[in-house]
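We count residues from 1, following the sequence as given. In each ligand, atom 1 is the first atom listed, and ligand 1 is the first ligand listed. Predicted, not measured: the structure shown is a model, and the values here were computed from it.
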Amino acid sequence: MEIGKKVAGEKAATLIEDGMVVGLGTGSTALYFIQALIDKKLRIKTVASSKRSEEIAKKGGLHVLDINEVTHIDLTVDGTDEIDPQKRLIKGGGGAHTREKILASSSQEMIVIADESKVVKHLGKAKLPIEILSYGHIFARKKIEALGYVGSWRVSDATSLNQELYVTDNGNFILDIHFPALLTHPEEVHTKILAIPGVVDTGFFFNIAKRAIIGRSNGTTFNI
Ligand code: 5RP
């Protein structure tokens, strides 16, 4: 799995040229991409989708700008938790899907990078993260569960006895939904959940990724 992530990240980095403004994703696969950019010592500007990616990029010497400081983003490269043949995604395993979606949809192009374990025929095996405002989050969860979806709050450290809720970079909570069966119409699920007051965004990405670079454990890649 690790080799697949690395080769996908490194392949995506070959597409980056001097002068570009590049969106940096979040997660272990995105980190391989960020590291490859650091190693290439390009003259680029970047925008990060999370505090974690920003920290790593800055430490490596990349020029990181706030998203509100740029007027154009050439390309965003990010990982995913699932990708189907239509390049619909479930993201947010790292709790950053809202910023990731803003960044990717504000970019001229988004490229997904992943190892082959993330490729699915139908979305829904992975949990769907839903970012929810802390104000009224218990009511929001009840409304989501009244629609028939079962969720659990993400905690910051699942191994700790003192289980505090995970807080996103935006100061919100995450409810992870578990689906009983694979999804045939994920768009309907997204629309219903997003209509609930207090829901900031779901981890579904539709019509955002134009290309995906998938890394195999033998070190080769293929595109979706
Ligand atoms: C973070 C994400 C990540 O891209 C997704 O969870 C995949 O992570 P990894 O590359 O570590 O498997 O959406 O919010």
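Counting atoms of ligand 1 from 1 in the listed order, those under 4.0 Å from a heavy atom of T80 are 4 (O), 5 (C), 7 (C). Atoms of ligand 1 lying under 4.0 Å from at least one heavy atom of G95, given by number and element, are 14 (O). Of all atoms in ligand 1, listed by their number and element, those nearer than 4.0 Å to a heavy atom of G79 are 4 (O). Near D78, the atoms of ligand 1 lying under 4.0 angstrom from a non-hydrogen atom of the residue are 4 (O). In the vicinity of G27, heavy-atom distances shorter than 4.0 Å reach the ligand 1 atoms 11 (O). For ligand 1 and K5, the ligand atoms under 4.0 Å from any heavy atom of the residue are 12 (O).
Remark: the S117 side chain and the D115 side chain contain an N/O donor-acceptor pair separated by less than 3.5 Å. R99 and N170 form a side-chain donor-acceptor contact under 3.5 Å, judged by distance and modelled atom types alone. Between the side chains of D176 and H178, no donor-acceptor pair of N or O atoms lies under 3.5 Å.
Taking a 6.0 Å sphere around CD1 of I3, one finds it holds 12 or fewer heavy atoms contributed by other residues, nucleotides or ligands. At most 12 heavy atoms of other shown residues, nucleotides or ligands fall within 6.0 angstrom of atom CZ in F139.
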Item to complete: Applying side chain to side chain contact (heavy atoms under 4.5 Å, CB included), run through F179 and V189 and close with a yes or a no.
Response: CA-CA 11 Å; F179 295 109; V189 179; 3.9 Å; yes

Discussion item. Quick one, K125 with E82, criterion salt bridge (Lys or Arg N to Asp or Glu O under 4.0 Å). Give me CA distance, side-chain angles, the key distance, then yes/no.
Written reply: CA-CA 8 Å; K125 204 169 141 207; E82 283 189 344; over 6 Å; no

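In this structure, the protein non-hydrogen atom closest to atom 3 (C) of ligand 1 is T26 O, 3.2 Å. Closest to atom 12 (O) of ligand 1 among all protein heavy atoms lies K118 NZ, 2.6 Å. If you check which protein heavy atom lies closest to atom 9 (P) of ligand 1, you get S28 OG, 3.3 Å. Nearest to atom 10 (O) of ligand 1 among the protein's heavy atoms is T29 OG1, 2.6 Å.
Heavy-atom distances between G92 and ligand 1 reach below 4.0 Å in at least one pair.
Counting only non-hydrogen atoms, the option in D115, T98, I90, D81 that gets closest to atom 6 (O) of ligand 1 is D81. Comparing R52, E100, M1 against atom 1 (C) of ligand 1, the shortest heavy-atom distance belongs to E100.
Below 3.5 Å of separation, one finds no N or O of A30 facing any N or O of ligand 1.
Nearest approach of E131 to T98, heavy atoms of both residues: OE1-OG1, 2.6 Å. The shortest non-hydrogen separation linking G60 to I38 is O-CG2, 3.3 Å.
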